[in-house]
**Student:** 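Pasting a structure here, questions to come.
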Amino acid sequence: MDTTKHDTQMRKSIVLFLTLFLSLNCLNAMKATAGRSFYQIKVYHLKNEAQEKTVEDFLKQAYLPALHRAGIAHVGVFKPIPPAEADKTTERLIYVLIPFSSYKNFSTLEKSLEKDQKYRSEGQVYLSATLANPPYDRMETILLNAFEGSPNLVLPKLSAPKKDRVYELRSYEGPTEKLYWNKVQMFNKGDEVGLFKRLNFNAVFYGEVIAGSRMPNLMYLTTFENKTDRDEHWKAFVDDAYWKKLSVLPEYQGNVSKNDTRFLYPADYSDI
């Protein structure tokens with residue numbers, strides 16, 4: 001028997017099997033998230049006021065209009081709320097929330113932008129920045145699948161001026177993958193999402209982080225008219241009979257190792 005020919009055929013069979021296996025897994029994953037939004041959160045880390053102005057000019061004049069032309073109607077741009085204490089400072093950050101109807105739409109956005117001449121013209125200062133004068137220090141990207149219990153982005157129903165609003169971006173980190181998924185199920189099957197909705201937290205999104213620096217973790221964004229409104233809502237939450245029951249269920253214990261909360265407000269040109 002020709003062992004070389006046999007080994008070659010065996011390798012081909014293994015490659016074919018693995019290809020089919022991975023394709024089926026990808027297909028199943030796509031089916032599992034069908035109808036659910038896919039989110040990208042960009043976080044610009046900025047060194048100074050000049051960089052902040054460059055990025056904001058780019059977002060306002062070029063990036064958001066280009067995303068609108070690409071069919072993305074609502075893009076969020078948020079900045080940290082300045083600290084109340086005069087002796088405290090916050091890092092210069094700009095958050096950009098982009099909702100996509102699917103991962104495929106996310107993966108094809110850059111090619112679409114490359115063909116948008118108006119975008120390239122309006123964003124020239126940012127897009128053509130040099131080593132000597134970069135527009136930011138670093139840009140972080142977080143990718144998320146929307147929760148089953150909240151499959152699509154929801155615009156907040158608020159009337160306060162954008163500068164007065166409080167947007168609360170929370171990240172719940174799990175100690176392990178299993179316990180992280182347990183917290184996700186607490187939101188979905190345990191209907192923590194429904195509790196937030198009943199109490200009018202104006203949640204914009206809930207997402208399973210699939211790529212980011214703090215995994216395993218989930219993230220969600222709730223919105224309020226102002227800080228007093230925010231505090232009143234959270235008091236109602238912790239006092240709610242359903243939460244008191246849900247929070248002590250044995251199956252949902254020990255599933256969060258860290259709660260990272262960021263208080264933001266929307267830029268005047270933000271769609272959200």
**Student:** In terms of hydrophobic clustering (I, L, V, M, F, W, Y; side-chain heavy atoms under 4.5 Å; direct or indirect links), are Leu144 and Phe78 co-clustered?
**Tutor:**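 Cluster IDs for Leu144 and Phe78 match.
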**Student:** Are any of the side-chain heavy atoms of Val77 and Leu64 separated by less than 4.5 Å?
**Tutor:**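 Yes - at least one pair of side-chain heavy atoms lies under 4.5 Å apart.
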**Student:** Show your working on side-chain contact (heavy atoms from CB on, under 4.5 Å) between Arg165 and Phe224 and close with a plain yes or no.
**Tutor:** CA-CA 6 Å; Arg165 298 180 188 179; Phe224 311 93; over 6 Å; no
**Student:** Do Phe147 and Leu246 sit in one hydrophobic cluster, given that two such residues count as connected whenever their side-chain heavy atoms are within less than 4.5 Å of each other, even indirectly?
**Tutor:**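 Phe147 clusters together with Leu246.
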**Student:** May I ask whether Val43 and Leu59 are part of the same hydrophobic cluster, defined by side-chain heavy atoms of I, L, V, M, F, W, Y residues being less than 4.5 angstrom apart, directly or through others?
**Tutor:**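 Different hydrophobic clusters.
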**Student:** Does anything in residues 238-272 pair up under ring-ring contact (aromatic ring centres under 6.0 Å, His included), and if so which pairs, sequence neighbours excluded?
**Tutor:**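 As it turns out, the ring-ring contact (aromatic ring centres under 6.0 Å, His included) pairs with a partner in residues 238-272, which skip direct neighbours, are Phe237-Trp243.
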**Student:** In terms of side-chain geometry, is the basic nitrogen of Lys244 or Asp240 positioned less than 4.0 Å from the acidic oxygen of its partner?
**Tutor:**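 Salt bridge absent between Lys244 and Asp240.
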**Student:** Please say which of Glu140, Arg92, Arg138 ends up in a side chain to side chain donor-acceptor pair (under 3.5 Å) with His45.
**Tutor:**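 Between His45 and the candidates, side chain to side chain donor-acceptor pair (under 3.5 Å) is satisfied uniquely by Glu140.
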**Student:** Salt bridge between Glu91 and Lys47, side-chain N to carboxylate O under 4.0 Å?
**Tutor:**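 Looking at Lys47 together with Glu91, the answer is no, because their closest N to O distance does not fall below 4.0 Å.
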**Student:** What pairs meet the ring-ring contact (aromatic ring centres under 6.0 Å, His included) rule with one or both residues in residues 91-113, with sequence neighbours excluded?
**Tutor:**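 Pairs touching residues 91-113 that pass the test: Phe38-Tyr103, Phe38-Phe106, Phe100-Phe106, Tyr103-Phe106.
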**Student:** Go through Val166 and Asp229 one step at a time and tell me if the side-chain contact (heavy atoms from CB on, under 4.5 Å) criterion holds.
**Tutor:** CA-CA 9 Å; Val166 173; Asp229 184 45; over 6 Å; no
**Student:** Could you note down all residue pairs passing side-chain hydrogen bond (donor to acceptor under 3.5 Å, both in side chains) where residues 119-134 supplies at least one of them, sequence neighbours left out?
**Tutor:**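 Listed once each, the pairs are Tyr44-Tyr126.
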**Student:** Please determine which of Leu264, Thr261, Ile81 meets the side chain to side chain contact (heavy atoms under 4.5 Å, CB included) test together with Glu168.
**Tutor:**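 The side chain to side chain contact (heavy atoms under 4.5 Å, CB included) with Glu168 is passed solely by Thr261 among Leu264, Thr261, Ile81.
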**Student:** Examine distances only and state if a side-chain atom of Asn226 and a backbone atom of Thr228 form a donor-acceptor pair shorter than 3.5 Å.
**Tutor:**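 At least one qualifying donor-acceptor pair exists.
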**Student:** Please report, to 0.1 Å, the donor-acceptor pairs under 3.5 Å made by any side chain of residues 178-187, with sequence neighbours excluded.
**Tutor:**
unit_1: Asn182; atom_1: OD1; unit_2: Asn255; atom_2: ND2; d: 2.8
unit_1: Asn182; atom_1: ND2; unit_2: Glu251; atom_2: O; d: 2.9
unit_1: Lys183; atom_1: NZ; unit_2: Glu192; atom_2: OE1; d: 3.0

**Student:** Could you report the tightest heavy-atom contact between Gly149 and Val193, atom names first, then the distance?
**Tutor:**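 Here Gly149 and Val193 meet closest at O-CG1, 3.6 Å.
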**Student:** Please check if Met139 and Leu93 belong to a single hydrophobic cluster, counting links between Ile, Leu, Val, Met, Phe, Trp and Tyr side chain heavy atoms closer than 4.5 Å.
**Tutor:**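 Met139 does not cluster with Leu93.
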**Student:** Got a sec, which hydrophobics cluster with Leu131, joining ILVMFWY side chains under 4.5 Å apart, including via others?
**Tutor:**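 Taking Ile, Leu, Val, Met, Phe, Trp and Tyr as members, Leu131 stands alone, with no cluster partners.
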**Student:** Considering all heavy atoms of both residues, which atom of Asp260 and which atom of Arg262 are nearest to each other, and what is their separation?
**Tutor:**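 Heavy atoms of Asp260 and Arg262 come nearest at OD1-NE, 2.9 Å.
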**Student:** Can you establish whether the number of heavy atoms outside Lys197 located under 6.0 Å from its atom NZ is more than 12?
**Tutor:**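 For Lys197, atom NZ is not crowded (no more than 12 foreign heavy atoms under 6.0 Å).
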**Student:** Check step by step if side chain to side chain donor-acceptor pair (under 3.5 Å) holds for Tyr167 and Lys79.
**Tutor:** CA-CA 9 Å; Tyr167 285 15; Lys79 300 173 70 174; over 6 Å; no
**Student:** Verify the neighbour count for atom NZ of Lys162: are there more than 12 heavy atoms of other residues, nucleotides or ligands below 6.0 Å?
**Tutor:**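 Yes, because the 6.0 Å sphere around NZ of Lys162 holds more than 12 heavy atoms from other groups.
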**Student:** Look at Asp231 together with Lys227 and state whether they make a salt bridge at an N to O cut-off of under 4.0 Å.
**Tutor:**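 Yes.
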**Student:** If you take all heavy atoms of Gly174 and Ser257, which pair is closest and at what distance?
**Tutor:**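 The pair with the smallest heavy-atom distance is C-OG, 3.6 Å.
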**Student:** For Tyr172 and Arg170, test the side chains for any donor-to-acceptor distance below 3.5 angstrom and give the result as yes or no.
**Tutor:**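 The answer is yes; a qualifying pair exists.
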**Student:** Quick check: does any side chain N or O of Asn202 sit under 3.5 Å from a backbone N or O of Lys157, one acting as donor and the other as acceptor?
**Tutor:**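 Looks like yes, one N/O pair under 3.5 Å.
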**Student:** Consider only side-chain heavy atoms of I, L, V, M, F, W and Y, link residues closer than 4.5 Å, and tell whether Tyr136 and Ile98 are in one cluster.
**Tutor:**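 Yes, Tyr136 connects to Ile98 through the hydrophobic network.
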**Student:** Which atom pairs, donor and acceptor, lie under 3.5 Å between side-chain atoms of residues 210-219 and protein residues at least two apart or in another chain?
**Tutor:**
unit_1: Arg214; atom_1: NE; unit_2: Glu173; atom_2: OE2; d: 3.0
unit_1: Arg214; atom_1: NH2; unit_2: Glu173; atom_2: OE1; d: 3.3
unit_1: Asn217; atom_1: ND2; unit_2: Ser171; atom_2: OG; d: 3.0

**Student:** Side chains of His68 and Asp271 only: does a donor on one sit below 3.5 Å from an acceptor on the other?
**Tutor:**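 A donor-acceptor contact under 3.5 Å links the two side chains.
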